[in-house]
Student: 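Dumping the structure here so I can ask a few things about it.
Quantities reported herein were computed from a predicted structural model and do not represent experimental measurements. Chain letters run A, B, ... following the sequence lines, proteins first, then strands; residues in each count from 1. Atoms considered below: every heavy atom in the structure, side chains included; atoms not considered: hydrogens, waters and symmetry mates.
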There are 2 protein chains.
Amino acid sequence: MRGDSASTISEARLSRPSAGRLSLYLRHLEALIGEGGAKVSSVQLGQALGVSDAQVRKDLATLGNLGHPGVGYRPQELIGAIRQALGLNREWSVALVGVGNLARALLRYRGFQQQGFRIVALFDADPAKVGQCIDGLEIHSPDQMSSVIARTGAELGLLAVPSETAQTVAEGLVAARIRGILNFAPAVLRLPESVKLVSVDLAAQLEQLAFLVQMVGNESRALNTR
Amino acid sequence: MRGDSASTISEARLSRPSAGRLSLYLRHLEALIGEGGAKVSSVQLGQALGVSDAQVRKDLATLGNLGHPGVGYRPQELIGAIRQALGLNREWSVALVGVGNLARALLRYRGFQQQGFRIVALFDADPAKVGQCIDGLEIHSPDQMSSVIARTGAELGLLAVPSETAQTVAEGLVAARIRGILNFAPAVLRLPESVKLVSVDLAAQLEQLAFLVQMVGNESRALNTR
DNA sequence: GGATGTGAACGACTTCACAGCG
DNA sequence: CGCTGTGAAGTCGTTCACATCC
């Protein structure tokens, strides 16, 4: 890197897959800290996470010059830098729509609050559920979305509703000025560019697994032809 | 492709991302069928799913010559071919380990049984849960894994246990001759090559979303410099 | 020596663009 | 015509290999 006369972070662009791996590094590093590991090398990290050492270096290099040649990386520093790069150096308030079993699982999921995500609002269209409380949070009607989200300051939304209503509910969240949606409904959502979307399609993942498993069978058959 | 003198299916290799999209096409096509759509074009499919038309054609071309130039594709045919390619033209028996909220959500999840996945066995290490029944399925102790999995013929495993025990439990599933694992624990699992693994890391997905949302802010700041 | 950072080579996936067919 | 199938070009991400620094 040439023009680093000043020590300002040059804010190199961070690619999507790289960002995904940073999450993994982060989790692993936080576990390491507990064991007081003072240094980590790209080889160690890579082996622990199933990633090539070159890949690790490339990923970490985007964070700035954190590596100490001949030594490795300092976990503490890395953690801070990764948090910053991923936007985890602050709290994120999250709204959860669709209070079914999945929602309950998400509510209790430790991984979220551990990284500063806080679920601050619940919504469900079922009148029987509206007004009830879970973990100290009242379930609101979707009508209230705009006001409740404004009041609680939620910026992210978890969408755990049936696929039929997913698009409509998502639009409600957009109208309520949510900035990003994590969608669990098996539906393809259409959102304005400015609202970010990540989808987790459980059925598709399981189908992917079936495909891979089935391929193994085909593989061995294919090998016979050699 | 050279030696296609015979009309035998040349079984073109199906790439991982392509297989992922096939799941989406399949779901959309099954919805279309209900509405009696007789023909679909790559453009229609693409727009519905947020994929380029060229991509759709490339993906579907791997299934054999199903397209009718000047006309489009017949949904029925496509569905059959996709099912076959993904290995969904049969039932898959599935074992579910770790009976918490997530497991309950997965058990009731329609998308699974709709594509022929049947959960046939439950396991949980908590003695208080062992012996209980959910949806007509008894919860077994992990000790019983080998025998129960052999008896029920489960080939796939859903792993919904805490990350600390994930590796151990996964090894148990491998020992019980499971062929693929869908892992929900936020841990990196080490499995033999022959056992396929797909991981769904909820925390990482949410972090990814935070990253994207945060990027939007940085983007607009970056645009100012222009 | 040991480990980082990084251009260059490589590979995988996507888009382009168009020939060919109904 | 309209729409598919597909080589060619392009883009993105990963791996290699090595100069560099402690």
Side-chain angles (χ1 to χ4, degrees), chain A residues 1-4 7 9-25 29 37-75 77-78 81-82 85 208 211 215, chain B residues 1-4 7 9-25 29 37-75 77-78 81-82 85 208 211 215:
Chain A
M1 196 145 284
R2 234 28 353 173
D4 58 349
S7 62
I9 303 155
S10 41
E11 194 68 39
R13 197 53 77 247
L14 193 50
S15 77
R16 200 71 153 10
S18 167
R21 285 187 299 268
L22 287 181
S23 285
L24 297 184
Y25 303 149
L29 289 165
K39 300 284 192 313
V40 215
S41 74
S42 56
V43 175
Q44 288 168 17
L45 266 175
Q47 286 183 348
L49 299 175
V51 169
S52 78
D53 55 322
Q55 183 75 80
V56 173
R57 289 198 296 279
K58 268 258 154 74
D59 288 339
L60 297 184
T62 67
L63 302 175
N65 286 31
L66 297 175
H68 305 279
V71 181
Y73 302 85
R74 276 211 280 282
E77 287 177 0
L78 277 188
I82 295 178
Q208 191 79 186
F211 162 67
M215 280 281 287
Chain B
M1 197 146 284
R2 235 27 357 175
D4 58 351
S7 63
I9 304 155
S10 40
E11 193 70 37
R13 198 55 77 244
L14 194 51
S15 76
R16 200 82 153 1
S18 168
R21 284 186 301 267
L22 287 181
S23 285
L24 297 184
Y25 302 151
L29 289 165
K39 301 285 191 313
V40 214
S41 75
S42 56
V43 175
Q44 288 168 17
L45 267 175
Q47 286 183 349
L49 300 174
V51 169
S52 79
D53 54 321
Q55 183 75 79
V56 174
R57 288 199 296 279
K58 268 257 153 73
D59 287 341
L60 298 184
T62 66
L63 303 174
N65 286 32
L66 296 174
H68 305 279
V71 182
Y73 302 85
R74 277 211 280 282
E77 287 177 1
L78 278 189
I82 294 178
Q208 191 80 184
F211 162 67
M215 281 279 287

Student: Find the distance B:R74:CZ to D:dC3:C1' and express it as a whole number of Å.
Tutor: 15 Å
Student: Locate the shortest heavy-atom distance separating A:D59 from A:S18; write the atom from each residue and the value.
Tutor: OD1-OG, 3.2 Å
Student: If you compare all heavy atoms of A:A38 against all heavy atoms of A:P75, which two are closest, and at what distance to 0.1 Å?
Tutor: O-CD, 3.4 Å
Student: Using 0.5 Å steps for rounding, measure from the NE2 atom of A:H68 to the CG atom of A:L66.
Tutor: 7.5 Å
Student: Could you give the distance from NZ (A:K58) to OG (A:S42), rounded to the nearest 0.5 Å?
Tutor: 12.5 Å
Student: Evaluate the side-chain contact (heavy atoms from CB on, under 4.5 Å) criterion for residues B:L24 and B:V51: first the C-alpha distance (whole Å), next the side-chain angles of each, then the deciding distance (0.1 Å), finally the verdict.
Tutor: CA-CA 10 Å; B:L24 297 184; B:V51 169; 5.6 Å; no
Student: In whole Å, I'd like the distance from the CG atom of B:L60 to the C1' atom of D:dC3.
Tutor: 13 Å
Student: Check the distance between C:dA19's P and B:N65's CG and give it to me in whole angstrom.
Tutor: 19 Å
Student: Which pair of non-hydrogen atoms, one from B:Q44 and one from B:K39, has the smallest distance, and what is that distance?
Tutor: OE1-O, 3.8 Å
Student: Rounded to the nearest 0.5 Å, how far does CZ of B:F211 lie from CG of A:L14?
Tutor: 4.0 Å
Student: Please confirm whether the shortest side-chain N or O distance from A:S42 to OP1 or OP2 of C:dA3 is below 4.0 Å.
Tutor: no
Student: Below 4.0 angstrom, which residues in residues 47-59 of chain A have at least one non-hydrogen atom near DNA chain D?
Tutor: A:S52, A:A54, A:Q55, A:R57, A:K58
Student: Roughly how far, to the nearest 0.5 Å, is the CG atom of B:L60 from the OH atom of B:Y25?
Tutor: 6.0 Å
Student: Have a look at the helix from C:dG1-D:dC22 to C:dG22-D:dC1 and give the angle its two end axes make, five pairs each, rounded to 10 degrees.
Tutor: 10°
Student: So, OP1 or OP2 of D:dG2: does either fall under 4.0 Å of a side-chain N or O from B:Y73?
Tutor: no
Student: Specify the closest pair of heavy atoms between B:L78 and B:L29, including all atoms of both residues, with the distance to one decimal.
Tutor: CB-CD1, 3.6 Å
Student: Does any residue of residues 17-24 of chain B have a heavy atom under 4.0 Å from DNA chain D, and if so, which ones, in number order?
Tutor: none
Student: How many angstroms lie between CG in B:L49 and OG in B:S23, if you round to the nearest 0.5 Å?
Tutor: 11.5 Å
Student: Within the 4.0 Å heavy-atom criterion, would you say A:G70 contacts the bases, only the backbone, or no part of the nucleic acid?
Tutor: base
Student: How long is the gap from CD on A:Q47 to CG on A:D53, to the nearest 0.5 Å?
Tutor: 8.5 Å
Student: Please work out if B:L66 contacts a base, only the sugar-phosphate, or nothing of the nucleic acid, heavy-atom cut-off 4.0 Å.
Tutor: sugar-phosphate
Student: Mind calculating the distance between CZ (A:R16) and C1' (D:dT11) to the nearest angstrom?
Tutor: 16 Å
Student: Quick one: B:L45 CG to D:dG5 P, roughly how many Å, whole number?
Tutor: 12 Å
